[in-house]
Amino acid sequence: MAVIGKLRDKMGILLVVFIGFALFAFILGELLTSQNSFLFGGNKTDNSLAVIAGEKVSPEEFGARVKEAEENYKEQSKQPELDQNAQDIVRENVWNEFLREKVYRQQLDKLGLTVSDAELADMCYGNNIDPEVKRAFTDPKTGAFDKATIINYIKNLDNLPNDPDKKAKKQWVNYEDQLVKNRTTEKYNDLIKGGMFVTTEEVKADFYDKGRTMDARVVKLMYNSIVDSTIAVTDAELNEYYNSHQYKYKAPEATRGIRFVTFDVMPSADDRKAVIDDINKLFTQFQTSTNDSLLAAINSDEPYNDAYRIKGSFTPALDSVVFSRPIGTSIGPFEENGSLRLAKITGTKSMYDSVQVRHILLKIDNPADSAKVKARADSVINVIKGGMDFGILAMQLSDDPGSKEKMGDLGYVTPEVNFVPEFKEAVFNGKLREIQLVKSQFGYHITQITDQKNLSNRVKVAEIVRNILPSNKTNEMVFQRANAFAGSNQTLEEFEAACKKENLPMRPADNIKINDKNIGGLGPAARELVTWAFNPETKKGNVSRPTKIESRYVVAALAAIADKGIMPLENVKPQVEAEVRKDKKALQLIEKMKGAANIDALAQKLGVPADTVRGASFGSPYLPGIGMEPTVSGSIPALKANQVSAPIKGQNGVYVMMPFQVNEPTATPADFKPNKMQMMQMLGQRAFESFNALKEKANVVDNRVKYY
């Protein structure tokens with residue numbers, strides 16, 4: 001027994017040592033294999049939002065710029081919050097600005113291109129004011145621009161009223177910064193334009209090429225005259241064409257292709273029955289209720305509408321009955337637009353469709369001053385009744401900045417207008433020209449109705465609307481079905497086979513880009529699916545877990561991965577196959593058409609008409625009467641009058657041409673300077689393409705998908 005006890009003690013120690021060694025080995029293994037190991041120089045994970053020309057952009061740097069842009073957008077649009085669409089627009093604009101700034105920055109620094117303080121001052125209020133500055137400080141009423149207005153504005157930026165946070169100054173500094181960026185970019189593009197030149201001989205050649213036209217007889221055989229299925233294409237031919245034409249298949253950015261199915265979450269029979277039972281109980285309460293508005297407000301899925309409404313403003317089923325039934329009539333339940341509805345007529349009234357009203361607002365800044373403000377309002381009313389002009393007093397006394405400049409006029413308003421209840425009651429129940437005093441949360445209003453239009457009957461109806469929606473149980477059942485489908489089909493092949501077997505419509509979505517929010521057929525809420533498709537751990541053929549998008553679950557399979565650069569053959573195989581087939585058709589057609597000495601004889605031999613083309617020019621890729629054929633047009637300078645050409649392979653077919661009239665330019669200019677200037681301007685416009693070239697060179701890595 002003593003021996004067994006000693007062994008038990010020793011085994012306890014050995015067990016502790018063994019467990020400790022196992023834990024140490026596990027931790028060491030993690031340290032050795034992890035990219036974040038301090039043994040390999042710290043955190044190797046790239047958490048940058050982007051890499052532009054080798055420079056990393058942190059999510060914090062980008063996020064700060066986005067936040068600033070969002071605040072500017074809110075201020076300009078007078079919106080307290082931005083919806084998702086506005087956020088996406090702002091974020092994309094910031095990204096494009098960021099990209100231009102980073103791409104150009106290195107080039108500008110290399111060349112030493114800057115804007116001096118004196119140059120900036122000249123752009124803002126000097127002799128060469130920037131057009132944007134002029135536009136911002138031009139009086140919209142008179143169209144006049146005064147330089148002194150800018151100077152005075154800049155001088156007083158630190159002392160502007162109602163601007164304790166110096167927002168205006170910050171905005172001006174940002175504005176100046178943008179002016180500097182734009183000017184330095186202009187300088188860069190001007191340098192490029194300065195390096196472009198057109199010689200006089202080039203101008204003359206261009207003039208004669210565009211001015212020399214040709215009338216010709218043409219025989220053509222189109223590629224679609226040969227059935228595709230008769231042209232066999234081998235893998236070797238595909239590879240050969242692809243390898244020699246890879247420039248055609250260069251993708252400017254990465255894309256993904258998916259195949260997906262949807263499982264719609266629709267109300268079940270039990271869901272519908274539950275709503276019907278509920279609405280029937282409410283109908284009984286509605287019939288005996290003495291507080292219809294409260295009952296409707298508490299139980300309806302739509303906000304309670306307390307307004308008296310005109311004919312045509314109700315749903316069709318209600319509109320046809322509420323104007324012919326007495327107060328207290330209950331209507332329903334009835335189904336309309338996926339909802340069950342109840343209604344009760346609670347009032348009728350003759351009201352004007354619109355009234356014109358003006359007012360003078362006297363604000364109450366302190367509740368203790370209410371009596372003083374009322375006394376002041378009473379004295380103003382007495383002055384008006386004594387003959388003083390209402391509009392003049394409104395301009396002098398009213399605390400409503402929106403209407404005081406219009407002599408207090410609020411224009412024509414309808415009963416649906418969003419006025420405070422007290423004011424609304426006075427406006428639509430008052431008499432024409434009557435002066436009224438109304439107290440609201442804003443203060444005392446002195447009101448006068450100046451016009452009333454279209455007296456009509458209106459009805460107030462309390463409505464209870466219950467939407468027929470899927471229950472949590474139904475939602476869970478659909479999710480389980482989608483989850484089982486995803487779990488049972490883990491490859492693209494299994495996914496496609498299951499769709500066919502279960503008769504599920506499988507839909508494609510190709511050319512998805514990394515920052516897309518919208519996938520065709522799924523709407524703008526598909527961002528989560530895009531993120532999944534671009535996750536580095538998602539491999540081709542993988543199947544997603546169910547993703548809830550609005551009222552459906554979506555399961556997708558990743559069908560194609562195309563990274564930035566040359567797309568793999570498998571991704572462009574249909575296009576390559578079409579080109580190879582077209583080349584093989586061209587060879588067959590050329591063989592039929594070559595060796596012709598007479599254009600009419602060739603047409604007769606082929607059994608096709610000989611067309612006449614007039615005014616064909618080397619300067620245009622368009623052949624009159626035929627269409628876009630740049631290769632054929634490019635052959636024009638080499639053609640001779642009354643000689644039959646060799647077959648020319650075009651975009652849509654093979655052509656044989658015989659010019660019968662060559663038209664030289666009617667008049668040669670004595671001076672080619674205007675022509676040269678025009679060509680220089682056209683060439684100079686290409687300087688603005690520098691950004692795309694620099695962006696290509698910058699090897700932009702866009703990781704926004706990890707954060708947005």
Side-chain angles (χ1 to χ4, degrees), residues 41-70 72 90-133 136 154 169-197 250 252-254 514-515 564-565 680 683-704 706-708:
N43 190 351
K44 296 286 184 179
T45 303
D46 184 6
N47 292 320
S48 59
L49 179 130
V51 182
I52 304 172
E55 181 182 347
K56 290 187 177 182
V57 178
S58 70
E60 293 77 18
E61 180 186 7
F62 184 77
R65 188 82 69 89
V66 169
K67 185 176 180 181
E68 182 182 340
E70 287 179 342
N72 290 337
V90 169
R91 200 176 292 137
E92 192 63 25
N93 288 341
V94 170
W95 168 255
N96 290 330
E97 180 187 331
F98 222 80
L99 196 58
R100 292 188 70 85
E101 180 183 322
K102 297 289 184 182
V103 164
Y104 274 119
R105 185 75 266 152
Q106 290 188 3
Q107 304 302 316
L108 300 176
D109 290 343
K110 285 178 186 177
L111 296 169
L113 293 177
T114 59
V115 173
S116 67
D117 291 342
E119 188 178 359
L120 178 59
D122 190 44
M123 293 165 63
C124 293
Y125 49 81
N127 296 322
N128 299 288
I129 297 176
D130 187 272
E132 281 297 312
V133 178
I154 296 172
K169 186 171 184 178
K170 292 174 186 174
Q171 288 175 350
W172 179 256
V173 169
N174 290 337
Y175 188 63
E176 286 186 334
D177 185 51
Q178 194 60 49
L179 288 174
V180 169
K181 290 175 184 175
N182 292 343
R183 178 56 62 89
T184 49
T185 303
E186 285 174 15
K187 290 181 177 182
Y188 181 80
N189 287 328
D190 286 343
L191 283 176
I192 295 175
K193 283 194 283 186
M196 296 177 173
F197 189 73
K250 191 173 185 180
E253 56 184 309
I514 195 168
N515 292 302
K564 179 181 177 181
M680 287 287 288
L683 191 62
Q685 290 175 1
R686 298 187 64 183
F688 296 102
E689 298 174 13
S690 62
F691 172 72
N692 291 329
L694 291 172
K695 186 171 71 170
E696 180 77 16
K697 186 180 176 184
N699 295 318
V700 178
V701 179
D702 184 354
N703 294 326
R704 284 180 292 163
K706 297 194 310 191
Y707 299 95
Y708 300 103

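Quick caveat, the model's predicted, so the values are computed rather than measured.
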Those residues that, when tested against E696, pass side chain to side chain donor-acceptor pair (under 3.5 Å) (two or more places apart): K250

CG-CD distance between N128 and E119, expressed to the nearest 0.5 angstrom: 9.5 Å

NZ (K695) with more than 12 external heavy atoms under 6.0 Å: no

Sequence-distant partners of N127, side-chain contact (heavy atoms from CB on, under 4.5 Å), two or more places apart: D122, K147

For Q106, all residues meeting side-chain contact (heavy atoms from CB on, under 4.5 Å), sequence neighbours excluded: A53

Side-chain heavy-atom pair V57, V51 within 4.5 angstrom cut-off: no

Atom pair OG1/OH of T184 and Y104 - distance to nearest 0.5 Å: 10.0 Å

Residue pair E176 / C124: nearest heavy atoms and the distance that separates them: OE2-SG, 4.2 Å

Interatomic distance, N189 atom CG to E689 atom CD [nearest 0.5 angstrom]: 10.5 Å

Closest non-hydrogen atom pair between N703 and S48, with its separation: ND2-O, 3.3 Å

Mind listing the side-chain donor-acceptor pairs of residues 96-103 below 3.5 Å, one per line with the distance, residues two or more places apart or on another chain?
residue : atom : partner : partner atom : Å
N96     : ND2  : E92     : O            : 3.3
E97     : OE2  : R65     : NH1          : 3.4
E101    : OE1  : R65     : NH1          : 3.3
E101    : OE1  : R65     : NH2          : 3.3
E101    : OE1  : K181    : NZ           : 2.9
E101    : OE2  : R65     : NH2          : 3.4
K102    : NZ   : E55     : OE2          : 2.9
K102    : NZ   : E61     : OE2          : 3.3

Interatomic distance, L49 atom CG to S58 atom OG [nearest 0.5 angstrom]: 8.0 Å

L683 versus M196, closest heavy-atom pair with distance: O-SD, 3.1 Å

Qualifying residues under side-chain contact (heavy atoms from CB on, under 4.5 Å), relative to D702, sequence neighbours excluded: W95, I514, N515, R704

Any residue meeting side chain to side chain donor-acceptor pair (under 3.5 Å) with Q178, in chain and number order, not counting sequence neighbours: N182

Shortest non-hydrogen contact between Y188 and Q107, atoms and distance: CE1-CB, 3.7 Å

Evaluation steps, side chain to side chain contact (heavy atoms under 4.5 Å, CB included), between F691 and T185: CA-CA 10 Å; F691 172 72; T185 303; over 6 Å; no

Check: K187 side chain, T114 main-chain N or O, donor-acceptor pair, under 3.5 Å: yes

Reported CZ-to-CG distance for the pair R105 and L113, which is rounded to 0.5 angstrom: 9.0 Å

Closest non-hydrogen atom pair, A69 against V90: CB-CG1, 3.6 Å

Shortest non-hydrogen contact between V115 and R183, atoms and distance: CG2-CG, 3.6 Å

